[in-house]
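These notes are about the structure you will find just below.
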Amino acid sequence: MNLTIKDIAQMANVSPGTVSKVINNYEGISEKTKKKVLDIINQSGFEPNFSARSLATKKSNLIGLIYAGRINVDMTHPYFNEVISSFKKNMGLLGYDILMFSNERFYTDNGSYLARCRHFNVDGCLIIAGEEVEESTYALAKEGLPCIGIDIELKGPKASYIMTDNVSLSRKVVEYLYLQSIKKVGFISGKFDSPVSAFRKQGFLEAMSQFGLEICEDWIQYGDFHEESGYEAMKQILQSERLPEAIFATSDMMALGALQAIKEAGLKCPEDIRLIGCDDIAACRYSSPKLTTVKQDKEKFGKLSAYMLDDLINDRSQLKPAFIESELIIRESC
């Protein structure tokens, strides 16, 4: 028999509202009443459905997961896959489920994240930024929906974001190369207009200037954080009249593509060209040579995102942006 909250209320001789409060562990219910209701629930095998629980608490315990951007970095990208695995685990421990939103038809039907979030009554959103982010993404934060952004600056009454200190990240790479007496350094960036790419390029140029190292425009190329773009960028660099001693690619995927281009050109890494990537994805440890990289703490990103979003949802605090330090991992490629 499929019982409802109203049935349980009649059996316990209490109101449906009292049953809802017992189910959702509200205060203000006597222990005697609570025990009577719970005994009936346990004996009858009643399970409150999602709609009833949501109606009673005004919360759905659903979190929207959004990969934003026309050119988006999604679950196929190893770095973000690991971040989301950590986020999912920690959100689950906090009692939430995750609903993934698609943006594939945004540019044909003028889709709205805000409308869909309201439709599904999500409690908050995690937003992971790709490139050419839709304005609808920023509307979520402006309208006051609890939001945490990863690699996207969100501003709103219940919004914050988490980002690696990308300027410091690039400076570490250049400083390390300088201390190895490597002065001719090339740079493979993400897209030209990407905020993350801009910060990493800023750090690279500042450090190169600080140490008096030559900045060669032919050695600065742009990709999209994926392998093929790193391969094409490296091929462009290899067409220069002079070759750099080292390349810093701002994602491991691009670095692995660059490594393939170096090998196809008949050159060796690190003997002819040293190579450093960024992210410390698992493939770095199995490439040949094993890839030197800048590690971003993916487990920390996911856990911090979960706890910050939970605090915003429950009005515990207004959170300032969090910037996470990176770590240079030395392997065989440099």
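Starting from 1, each residue takes its place in the sequence as its number.
The shortest distance between side-chain heavy atoms of K155 and P321 does not fall below 4.5 Å.
For the residue pair Q210/Y178, the side-chain donor-acceptor check at 3.5 Å is not satisfied. Y161 and D151 share no side-chain donor-acceptor pair at under 3.5 Å. A donor-acceptor pair shorter than 3.5 Å cannot be found between the side chains of D280 and T293.
In terms of modelled atom types and a separation under 3.5 Å, the side chain of T292 and the main chain of R331 share a donor-acceptor contact. No donor-acceptor pair closer than 3.5 Å links the side chain of S333 to the backbone N or O of L291. With T250 contributing its side chain and I188 its backbone, the two residues share a donor-acceptor pair below 3.5 Å.
Residue-environment remark: CD (E228) stays at or below the threshold of 12 foreign heavy atoms within 6.0 Å. With a 6.0 Å radius and a threshold of 12 heavy atoms from other residues, nucleotides or ligands, N42 has its CG atom above the threshold.
By the salt bridge (Lys or Arg N to Asp or Glu O under 4.0 Å) test, K35 pairs with D39, sequence neighbours left out. By the ring pair (Phe, Tyr, Trp, His ring centres under 6.0 Å) test, F187 pairs with F204, F248, sequence neighbours left out. Residues forming a side chain to side chain contact (heavy atoms under 4.5 Å, CB included) with S30 (at least two apart in sequence, or on another chain): K32, T33. For A265, the side chain to side chain contact (heavy atoms under 4.5 Å, CB included) partners at least two apart in sequence or on another chain are L238, L267. F199 is linked by a ring pair (Phe, Tyr, Trp, His ring centres under 6.0 Å) to nothing, counting only residues two or more places apart in sequence or in another chain. When the salt bridge (Lys or Arg N to Asp or Glu O under 4.0 Å) test is applied to R171, the partners found at least two apart in sequence or on another chain are E206. Checked against side chain to side chain contact (heavy atoms under 4.5 Å, CB included), Q221 has the following partners two or more places apart in sequence or in another chain: A233, Q236, I237. With sequence neighbours excluded, the residues that form a ring pair (Phe, Tyr, Trp, His ring centres under 6.0 Å) with Y222 are F192. Residues satisfying the side chain to side chain contact (heavy atoms under 4.5 Å, CB included) criterion with L312, sequence neighbours excluded, are P146, I148, L319.
Think of I329 as one node in a network of Ile, Leu, Val, Met, Phe, Trp and Tyr side chains linked at under 4.5 Å; it has no links at all. Alongside Y286, the hydrophobic cluster contains no other residue (criterion: ILVMFWY side chains under 4.5 Å).
Look at K300 and E325 and you find no salt bridge, because none of the NZ, NE, NH1 or NH2 atoms lies under 4.0 Å from a carboxylate O. For K303 and D297, the salt-bridge test fails: no basic side-chain N is under 4.0 Å from an acidic carboxylate O. Ion pairing of E299 with K89 is present here, as a side-chain N (NZ or NE/NH1/NH2) and a carboxylate O approach within less than 4.0 Å.
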Check: residues 268-279 side-chain donor-acceptor pairs under 3.5 Å, at least two apart:
residue, atom, partner, partner atom, Å
D272, OD2, K268, N, 2.7
D279, OD1, Q296, NE2, 2.6

